[in-house]
Amino acid sequence: MSEHHIVMPKTYATVLGCLFVLMAATIGASYIHLGSTYNLLLALFIALCKMSLIVMFFMHVKYSSKLTKVFAASGFFWLIIFFTLLFADYMARHLSTSPFAGSPYGG
Amino acid sequence: MANDVVQGPDFPERDYARPEVNYLNWKQTVSSWLLSQDHKRIGIMYLVSISIFFVVGGLFAIMFRLELLTPEGDLLQADTYNKFFTLHGVVMIFFFLIPSIPAVLGNFLIPLMIGAKDVAFPKLNLASWYIFMVGGTIGVIIILVGGVDTGWTFYTPLSTSYSNTHVFLAAMLVFITGFSSILTGLNFLVTIHKMRAPGMTWFRLPLFIWAHYATSVIQVLGTPVVAITVFLVGVERIWGVGIFDPALGGDPVLFQHMFWFYSHPAVYIMILPGMGVISEVIACFSRNRVFGYEFVAFSSVAIAIIGFLVWGHHMYVSGQAMYSNLVFSLLTMLVAVPSAIKMFNWTSTLYRGNVVWETPMIYAIGFIGLFAIGGGTGLFLGATGMDVPLHDTYFVVSHFHYVMVGGMVMAYLAGIHFYWPKITGKMYSQPIAKLCAVLVFVGFNCTFFPQFLVGWLGMPRRYHSYHPDFQVLNVMSTLGASILGIGFVIPVFYLGWSLFYGKDAGSNPWGARGLEWEVCTSPPDPHNFHEIPVVTKEAYAYTGEETLSV
Amino acid sequence: MSSAEAKADRSPYLAHHFESIEQQEESCTLGMWLFLAQEVMFFGGLFMAYAVYRYMYPDAWLEGSGALSIKIGGINTVVLLVSSFSMAMGVYYCQIGNSKNLFRALLVTLFLGFVFVAIKLKFEYFPKFAEGLFPGDGWGPHGHYADLASFGDQGALQIFFFLYFVMTGMHAFHMLIGFVILVVLMVMTKQNKFGPQRFMPILFFGLYWHFVDIVWVFIFPMFYLVT
Ligand SMILES: [Cu+2]
């Protein structure tokens, strides 16, 4: 049998405590008005923290091989690619000056 | 010469006789096939099923090619024509092009090439085939109940609001078949990572394996996106409203983004495994190590990654932001680089090689020429300015058929002819096969080259009638298609004939290098290897003196 | 090692095509993580659609989010986080060989999962169905949600609730699949199928369950806490 790390209940409980705190923080943050963008970024940041805690400890990634870490990150990395190029379109769609101004499909 | 890095052969050159007991005959009940977890048998099951789907998809093509003989819509009505080209696309893409090389040759060869007893998850492998067949059954149901007419792209709002055909079933089909593809990719990735024989380091892997690794990455990370996209289309069909519905303020272009995020990389799911086959065939029949092995290996990975960054080149005229068009165009030019590296390295492999003109090699050389045309015209279409007049014309149709048929199907046929003696232990008739390879090449060009011209002249795709000026080129195309069709049918006969009357091929008729040729019998043992081999040399350790025994 | 030796000390849990338990475990771990990467992209597609429409219709998002109860969403978050914790404890008990507590941990996980879905249906889905918040023909906010009816862009609001139902629904569907697997695992635990020598199935189900939890960790602020 291979050696597999056993995570102790105390660690799990600490993580759960942190998750509660972060949940309270994200609810609290929604009542502070920082402007919609900053509120969104803050909420996303807290969610990412919660995700990292769950992934690292509940899902044992902290104790896993490098390869597992890469595989675990791959989906998120690909989502970032997707998001970046997708959002670039929506943010640039309303730019009024076009490099093709005057061409058949630009204006 | 690259031969310097290769040490001498570590498996004695010998020819194993056809084994009495092999994976084909050791169990003979129907259930021993249908419930088999043996990657080789599952590969054969895929071979049979995708061949049937290929015939179905081909029949639709014959019908609309006949319709296009005349400018008027006489053979098919407009709505029937729309259904036929849609079904041709759906069947060919989801049931032939995507599964063909990975699910048939990949399944059969990956464990043999890396020295494993099976893929990492044999049960999952069998499950993939069943999921595939469930998708196929839905496809047959769609055909029987009246078809679908949106084109294989299912663009909204046509698919969600306007089409009266079976879009919901088609969405189910894509969703379900997608999971078959995902599971196959997952299986291969784990297999390549964890099942390699001792000494089989990453840079000793055949390039076929690298290509399948890259393919599998796309399958696992791309396919779920199209699954959720068609799921949303399906939900919209049922609820009557949805996020792609312009009536609510939804953006149909978002569908195109989500669809092409998968469907452009899907082009590489189709072509990358083909490139893997070509590397094997070119090396074997040039008696040469593939020139710049590392470059070819990494170009596969580069294609898989950069391939995810270019999807917007399908959307230049959709209302996508112009700055996005620019970026996508630039990235599209970039993805051509790794493909070009491969082309360059294959040609360089031929240089100073002992080129042997066996059937697989003829297909492989055909691939190089046709893929060059297909890829090059892709750059025309990837350029924002050029794409505007060419968009949705036959130029596009011809471009992707040069890649898909001229590239992928040629590579598939190269692979089938190359590995047929390994898969069945029998050799087919070389003269007929060579003639047939030439026939396919000629027929293909007669079919699709006129389509470049007619597209250039402005004939739009997806119409059942056209301006009489285009007739000559369309007639040429249809005539070419009949040659191509004959070229696709003949192999069924001589390969089938070889099963019963062909002479025993021996374990390594081509004098090829690699575990599958040097250590395995033909057909292989049910467990692949009696002893797990230990690998001590690079891939493609050709000396130039290998003997051919065909 | 020779094949005879290898046969002699093969663990009964070792499948025929693997050479060693390590190889088998590492393969299964990678396979599971690839499955989850696939799931990330699957839900990711929905989150991308969400992002685009939130960007296009910020006002509708504010309005729609206002109709969702932070209290109910918060309670459900707590329920799900605790169920994740009990699942993690299940893995621990399995690893130390305490089958009894493993069974209890799985039972608690299943129970909390039920609580989550029950709360979701009773306090969220049903009132919305009844009071016209389901997109489509039946759309027409009334009752508790009468305020929404006066919002100018009803189309965008429908898109918000379309995404709300599809995303939370897809999440709940994953939980339902989890319930089925949990029941199977509980039966197998009763049959003493798991222990320190064989805890991978529990660990892998845990990974799945935590993943479902993570999806909720994002859904909660994205729908309930729009400001
Ligand atoms: Cu493309």
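The sequence lines fix the lettering, A, B, ..., with proteins before strands; numbering per chain opens at 1. Quantities reported herein were computed from a predicted structural model and do not represent experimental measurements.
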**Prompt:** Is there a side-chain contact between C:Met48 and A:Leu79 (heavy atoms, below 4.5 Å)?
**Reply:** yes
**Asked** For A:Ile32, is it the side chain, the backbone, both, or neither that has a heavy atom closer than 4.5 Å to a heavy atom of chain C?
**Response** neither
**Message:** Using heavy-atom distances under 4.5 Å, tell me whether A:Leu86 contacts chain C through its side chain, its backbone, both, or neither.
**Reply:** side chain
**Side chains of C:Val52 and A:Phe87 in contact at under 4.5 Å (non-hydrogen atoms)** = yes
**Among the listed options C:Ala51, C:Gly206, C:Pro221, the residue most often paired with chain A at heavy-atom distances under 4.5 Å** = C:Ala51
**Request:** Please state whether the side chain, the backbone, both or neither of A:Ser36 comes within less than 4.5 Å of a heavy atom of chain C.
**Result:** both
**Message:** Less than 4.5 Å to any heavy atom of chain C: does that hold for the side chain of A:Phe57, its backbone, both, or neither?
**Reply:** neither
**Request:** Considering only heavy atoms and a distance below 4.5 Å, find which of A:Leu22, A:Leu16, A:Leu19, A:Ile46 pairs most often with chain C.
**Result:** A:Leu16
**Message:** Tell me the closest heavy-atom pair linking A:Tyr31 and C:Ile70, and the distance in Å.
**Reply:** OH-CD1, 3.4 Å
**Request:** Go through the steps to decide whether A:Ile27 and C:Phe220 satisfy the test side-chain contact (heavy atoms from CB on, under 4.5 Å), and finish with yes or no.
**Result:** CA-CA 10 Å; A:Ile27 295 179; C:Phe220 175 60; 3.8 Å; yes
**Message:** Heavy-atom cut-off 4.5 Å, strictly under: side chain, backbone, both or neither for A:Met51 against chain C?
**Reply:** both
**Message:** Quick one, A:Leu44 and C:Met222 - any side-chain contact, counting heavy atoms below 4.5 Å?
**Reply:** yes
**Message:** What I'd like to find out is whether the side chain of C:Glu26 reaches to under 4.5 Å of the side chain of A:Leu67, using heavy atoms alone.
**Reply:** no
**Prompt:** Under 4.5 Å, heavy atom to heavy atom, which residues of residues 72-89 of chain C contact chain A?
**Reply:** C:Gly74, C:Thr77, C:Val78, C:Leu81, C:Val82, C:Ser84, C:Phe85, C:Ala88, C:Met89
**Prompt:** What heavy-atom pair brings A:Tyr90 and C:Met56 nearest, and what distance separates the two atoms?
**Reply:** CE2-SD, 4.1 Å
